[in-house]
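Step one of this worksheet: look at the structure below.
Since the model is a prediction, treat every value here as computed from it, not as a measurement. In what follows, chains carry the letters A, B, and so on, assigned in the order in which the sequence lines appear, proteins first and then strands, with residues in each chain numbered from 1. The basis for the numbers below is simple: all heavy atoms, side chains too, and nothing from hydrogens, waters or symmetry mates.
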2 protein chains.
Amino acid sequence: MERRRRPTLADVARMAGVDASLVSRVLRNDPRGFASAETAERIRAAAGEIGYRANAAARGLRSARTMTLGLLLPGFSSPVYASIAHGVEERAGEQGYGLVLGTHAAGDPHETITGMLMHGRVDGLLVSSGRIEDRALRRLVEQAPQSVVLVNRQVRGVAASVVLRDADASAVAVAHLAELGHRRICGIFGPRSLDTMVRRRRGFLAEATRRGVEASVVEMAERDHRAGADGVVQALKGGTRPTALVAGTFPMGVGVLAGLHEAGVDVPGRISVVALHDDGLADYLVPRLTTVAMAAERLGAEAVDLAIALVDGADPRRVVVPDPPRLVRRESTASLISND
Amino acid sequence: MERRRRPTLADVARMAGVDASLVSRVLRNDPRGFASAETAERIRAAAGEIGYRANAAARGLRSARTMTLGLLLPGFSSPVYASIAHGVEERAGEQGYGLVLGTHAAGDPHETITGMLMHGRVDGLLVSSGRIEDRALRRLVEQAPQSVVLVNRQVRGVAASVVLRDADASAVAVAHLAELGHRRICGIFGPRSLDTMVRRRRGFLAEATRRGVEASVVEMAERDHRAGADGVVQALKGGTRPTALVAGTFPMGVGVLAGLHEAGVDVPGRISVVALHDDGLADYLVPRLTTVAMAAERLGAEAVDLAIALVDGADPRRVVVPDPPRLVRRESTASLISND
DNA sequence: CTGTTAGCGCTTTCAT
DNA sequence: ATGAAAGCGCTAACAG
């Protein structure tokens with residue numbers, strides 16, 4: 001079977017009886033080179049007929065722009081990453097950018113990311129991963145300061161980042177519980193090596209103090225289902241006997257529910273539970289899980305905008321997505337009926 | 001701030017006192033051009049010192065190979081897609097291929113995919129999505145028969161595809177339930193427009209027949225949490241009074257559990273539940289969900305291998321991942337204690 | 001309004 | 001074992 005050659009600019013030019021450069025300008029709507037309406041039409045018709053598509057490599061080589069962004073994720077497992085990826089993809093598409101995905105489930109993460117950037121495969125890189133060490137990131141940014149945006153993370157020495165209002169999200173959770181009458185609340189968070197966790201924890205403690213609520217914190221090494229379930233054991237073991245639990249991530253919230261069920265504790269009868277970050281799954285848990293929704297998709301979108309701005313020469317900056325965290329009340333929280 | 005130019009082959013060549021073409025050969029270990037050990041060492045040293053990285057666009061332009069594969073997904077939500085993506089990413093990495101991701105959450109899916117291929121951004125395309133219509137796929141394959149691999153899907157007229165043993169997975173679920181003594185089983189599946197669903201349904205009915213079990217089927221328009229929960233209502237409404245339910249997907253299984261809880265039906269006391277496809281979440285549901293695990297990651301890996309083979313000129317073929325579906329017994333299934 | 005020219009950085013014959 | 005030269009397909013500067 002003959003594999004026919006992909007049509008090139010020259011083919012279109014020949015067909016329309018004009019020069020290739022004119023075809024290039026017309027097809028890109030280059031403002032510096034208007035063709036007569038008639039010629040333009042002829043060119044477009046020719047291009048359409050033979051199904052011309054500009055070769056991305058040639059274009060990239062010439063213009064030193066790939067119109068592609070890289071997104072580095074730790075994996076696809078967590079719903080937050082799924083949301084971020086979705087937001088990134090959508091916004092990138094709107095802006096005419098393609099998306100190269102890298103998870104560093106496999107191989108050396110630092111090699112993966114530097115590779116994408118250094119080979120010129122992408123114009124900018126969105127790094128949304130807690131697993132890459134701060135100093136690797138700083139080194140990378142030294143080499144390519146105009147190309148790296150941190151997503152859902154802040155690192156000293158990296159000037160371009162986008163984060164959510166994590167502290168406020170915790171505050172919303174605590175406020176909700178306090179209004180339901182809870183006076184002893186335990187927060188179960190992930191490791192302090194993640195700055196999201198640091199902010200959520202800080203917001204949690206601050207709001208508790210503000211409201212005169214007794215707060216305790218359990219710190220887990222991970223932030224997945226298991227960490228939530230294991231965290232429950234620790235939360236119940238202490239002498240504080242909390243009547244409400246705040247889970248630092250959505251998966252932890254799922255684990256907390258499972259852990260409490262395992263321990264024979266009724267939710268929300270005896271203990272109320274709120275998780276930070278919302279997900280569609282919440283409606284199908286038993287009981288339906290009350291959450292604090294944050295704008296994870298917008299986080300991705302803002303990161304894309306920032307990355308493109310950097311590529312265009314703008315100065316790096318730190319963005320906080322302004323959307324206020326929003327309580328999604330379901331069945332895992334209830335008024336405290338004193339049971340001391 | 002001076003943005004220093006990225007080093008090129010010529011830079012390395014100048015530094016090592018040789019020609020650029022030699023540098024190219026040495027750095028790629030081109031078998032046709034051996035340099036003396038000493039020269040090669042000098043070249044490598046120079047490249048290392050200035051941090052030379054081949055420009056992907058130039059390389060792609062010249063060699064008409066991008067060393068990049070495209071993966072089209074409907075989204076990141078479902079755990080199966082997450083697994084497939086993970087398998088694809090890992091295997092692509094091992095083979096030296098990059099990965100361009102496209103979901104068609106945004107925009108016209110057909111445009112998204114043809115675009116990636118037609119602009120020469122990718123050497124091959126893995127399509128793992130039920131949302132693209134068969135005829136769009138056939139049209140695409142006509143244009144680029146050596147570049148498209150269907151993942152977890154088969155379409156008439158598309159010769160390259162990789163699928164799992166869906167029918168066998170259903171059979172494993174039915175066999176398990178039959179062995180526990182269940183004689184009336186209802187399967188809740190997604191739409192018949194998805195060939196995975198057709199195969200799972202067929203396997204379900206075949207195994208039921210083989211074992212002399214009374215089987216009924218509920219067909220839902222979707223295959224997500226909600227479809228599972230809604231499916232339960234239908235399953236319980238009929239006169240068949242099943243003692244066990246098979247959910248066509250993992251999310252449906254989650255929904256089934258939720259729906260049964262809502263209906264006040266004890267699992268596994270009154271009804272047993274099995275879901276097709278496994279996920280880590282299963283251990284954190286109430287009750288822990290029994291599943292049939294399929295090799296979704298390997299599905300992705302096999303798709304990558306097939307795509308690369310096609311690019312290298314091999315003939316398209318249909319692959320069935322041989323790994324047998326495997327029962328993961330948890331708490332949502334139990335022996336039938338007669339309750340007629 | 002349109003054509004000419006040069007060259008992005010690399011790989012690949014073909015010489016030597 | 002190494003070099004010279006051509007060119008992948010496109011865009012951009014400059015002419016006209």
(message) Report for the helix from C:dC1-D:dG16 to C:dT16-D:dA1: angle between first-end and last-end helix axes, five pairs each, rounded to 10 degrees.
(response)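 What I find for the helix from C:dC1-D:dG16 to C:dT16-D:dA1 is an axis angle of 30°.
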
Short side-chain N/O contact from [X] to OP1 or OP2 of [N], under 4.0 Å:
{"X": "B:S24", "N": "C:dT11", "answer": "yes"}
{"X": "A:T39", "N": "C:dC1", "answer": "no"}
{"X": "B:S36", "N": "D:dT2", "answer": "yes"}
{"X": "B:R59", "N": "D:dC8", "answer": "no"}
{"X": "A:R62", "N": "C:dA6", "answer": "no"}

(request) Please report the C-alpha distance between B:T66 and B:D123 in whole Å, then the side-chain angles of each, then the deciding distance to 0.1 Å, and finally whether the side chain to side chain donor-acceptor pair (under 3.5 Å) criterion is met. (result) CA-CA 6 Å; B:T66 61; B:D123 295 333; 2.9 Å; yes

Within-4.5 Å side-chain heavy-atom neighbours: [X] and [Y]:
{"X": "B:V311", "Y": "B:Q146", "answer": "no"}
{"X": "A:M118", "Y": "A:Q143", "answer": "yes"}
{"X": "B:V122", "Y": "B:L69", "answer": "no"}
{"X": "A:L117", "Y": "A:V148", "answer": "yes"}

Between [X] ([atom1]) and [N] ([atom2]), how many Å, whole number?
{"X": "B:D30", "N": "D:dG3", "atom1": "CG", "atom2": "C1'", "result": "15 Å"}
{"X": "B:I43", "N": "D:dT2", "atom1": "CD1", "atom2": "P", "result": "7 Å"}
{"X": "B:N55", "N": "C:dG7", "atom1": "CG", "atom2": "P", "result": "18 Å"}
{"X": "A:D11", "N": "D:dC8", "atom1": "CG", "atom2": "C1'", "result": "13 Å"}
{"X": "A:L27", "N": "D:dG9", "atom1": "CG", "atom2": "P", "result": "16 Å"}
{"X": "A:H119", "N": "C:dC10", "atom1": "NE2", "atom2": "P", "result": "11 Å"}
{"X": "B:R6", "N": "C:dC10", "atom1": "CZ", "atom2": "P", "result": "9 Å"}
{"X": "A:M118", "N": "C:dC10", "atom1": "CE", "atom2": "P", "result": "15 Å"}

Protein-nucleotides 14-16 of chain D N/O pairs under 3.5 Å:
none

Check ion pair [X]-[Y] (N to O, under 4.0 angstrom):
{"X": "B:R153", "Y": "B:D134", "answer": "yes"}
{"X": "A:R6", "Y": "A:D11", "answer": "no"}
{"X": "B:D312", "Y": "B:R65", "answer": "yes"}

(message) To the closest 0.5 Å, what do you measure between CZ (B:R91) and CG (B:L299)?
(response)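 Separation between the atoms: 13.5 Å.
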
(message) Using 0.5 Å steps for rounding, measure from the CZ atom of B:R318 to the OG atom of B:S161.
(response)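 Reported to 0.5 Å precision, the distance equals 4.5 Å.
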
(message) Mind checking if B:A54 touches a base, just sugar-phosphate, or nothing, with heavy atoms under 4.0 Å?
(response)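 B:A54: backbone/sugar contact only, no base atoms under 4.0 Å.
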
(request) Determine the contact category for A:D19: base if any of its heavy atoms lies under 4.0 Å from a base atom, sugar-phosphate if only primed atoms, P, OP1 or OP2 are that close, otherwise nothing. (result)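 The answer is base, as A:D19 lies within the cut-off (heavy atoms under 4.0 Å) of a base atom.
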
(message) Nearest heavy atom decides the nucleotide; on that basis, is B:A58 or B:R42 closer to the 5' end of DNA chain D?
(response)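 Residue closer to the 5' terminus by nearest nucleotide: B:R42.
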
(message) Judged by each residue's nearest nucleotide on DNA chain C, which is more toward the 5′ side, B:S21 or A:V18?
(response)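 On the 5' side of the pair lies A:V18.
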
